[in-house]
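One structure is given below, encoded as structure tokens.
The analysis underlying the following values was restricted to heavy atoms, covering all of them including side chains, and did not include hydrogens, waters or symmetry mates.
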Amino acid sequence: MRLSDFLEYVKTRSPLDTPDIHRFMDEMSDQARRITFELNNAYHSPDEVRALLSRLFGREVDPTLRVFPPFYTDFGKNIHIGSRVFINACCHFQDHGGITIGDDCQIGHNVVFATLNHGLAPEDRKTTYPAPITLGRNVWIGSNATILQGVTIGDNAVVAAGAVVTQDVPPDTIVGGVPAKPIRSIHVRQ
């Protein structure tokens, strides 16, 4: 299986349940771990961090991206990050289903993005199902939040620390709790 074939397949949100897909995911996980081990096991300048992330993502990252390692992912090739994004330490990006982060976003410590889910029926439990996570512009994700598969977070939204986001978040909204619920609207200055 080629990377381009896999990326097209996950867009369909179809199950990841064939031997070829599992073999490909294992190979990609090994590649991602090699790079993340290199990233996380020594000090690197911001430029060196961006160079390692560019290798991990398979494309050049924006020169304004700032990431504080350690940073974890088990795939790496389906992460797309805009300009002026900050990602704090110990974040986990499970990106098989795709993670897109818009311009000017801030991601707190220990945030988890999980784009895979397992089947609920016991006989389907080993099957995983991908769905993308998308953050609009100027989103702030608080520390220890978890964003689950298929969620879109609108522009200027805030996810409170420790929240578990299971549904889309409208623009200009603060959400918090488990599962996350709207707390209030944000009045955006023009």
Please determine whether the number of non-hydrogen atoms from other residues, nucleotides or ligands lying under 6.0 Å from atom [atom1] of [X] exceeds 12.
X      : atom1 : value
His118 : NE2   : no
Arg2   : CZ    : no
Glu48  : CD    : yes

Exercise for the section: Hey, can you tell me if Phe68 and Phe86 have their rings parallel, tilted or perpendicular (30° and 60° cut-offs)? Expected result: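 The rings of Phe68 and Phe86 stand perpendicular, inter-plane angle above 60°.
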
Exercise for the section: Mind running salt bridge (charged side-chain N to carboxylate O under 4.0 Å, His left out) on Arg50 and Asp47 for me, showing each step along the way? Expected result: CA-CA 5 Å; Arg50 283 187 289 274; Asp47 286 338; 2.5 Å; yes

Handout entry: Taking every non-hydrogen atom, the tightest pair across Pro179 and Thr166
Key =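 Closest pair (atom of Pro179, atom of Thr166, distance): CB-OG1, 3.8 Å.
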
Handout entry: Inter- and intrachain pairs under salt bridge (Lys or Arg N to Asp or Glu O under 4.0 Å), touching residues 137-157, at least two apart
Key =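 For residues 137-157, and leaving out neighbouring residues, the salt bridge (Lys or Arg N to Asp or Glu O under 4.0 Å) pairs sorted by first residue read Asp103-Arg137, Asp104-Arg137.
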
Handout entry: Near-ring test Phe93/Phe75, centroid separation under 6.0 angstrom
Key =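 No, too far apart.
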
Taking the side chain as everything from C-beta on, heavy atoms only, tell me whether [X] gets closer than 4.5 Å to [Y].
X      : Y      : answer
Pro69  : His44  : no
Val111 : Thr146 : no
Ile81  : Val61  : no

Problem - In one Ile/Leu/Val/Met/Phe/Trp/Tyr side-chain cluster, 4.5 Å: Ile79, Met28 - result: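 Looking at the clustering, Met28 is in a separate group from Ile79.
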
Exercise for the section: Inspect the contact between Arg23 and Asp26 and indicate whether a charged nitrogen and a carboxylate oxygen are less than 4.0 angstrom apart. Expected result: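 Arg23 and Asp26: not salt-bridged.
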
Without swapping roles, check the side chain of [X] against the backbone of [Y] for a donor-acceptor pair under 3.5 Å.
X      : Y      : result
Asn156 : Pro171 : no
Arg59  : Lys77  : yes
Gln149 : Tyr129 : yes

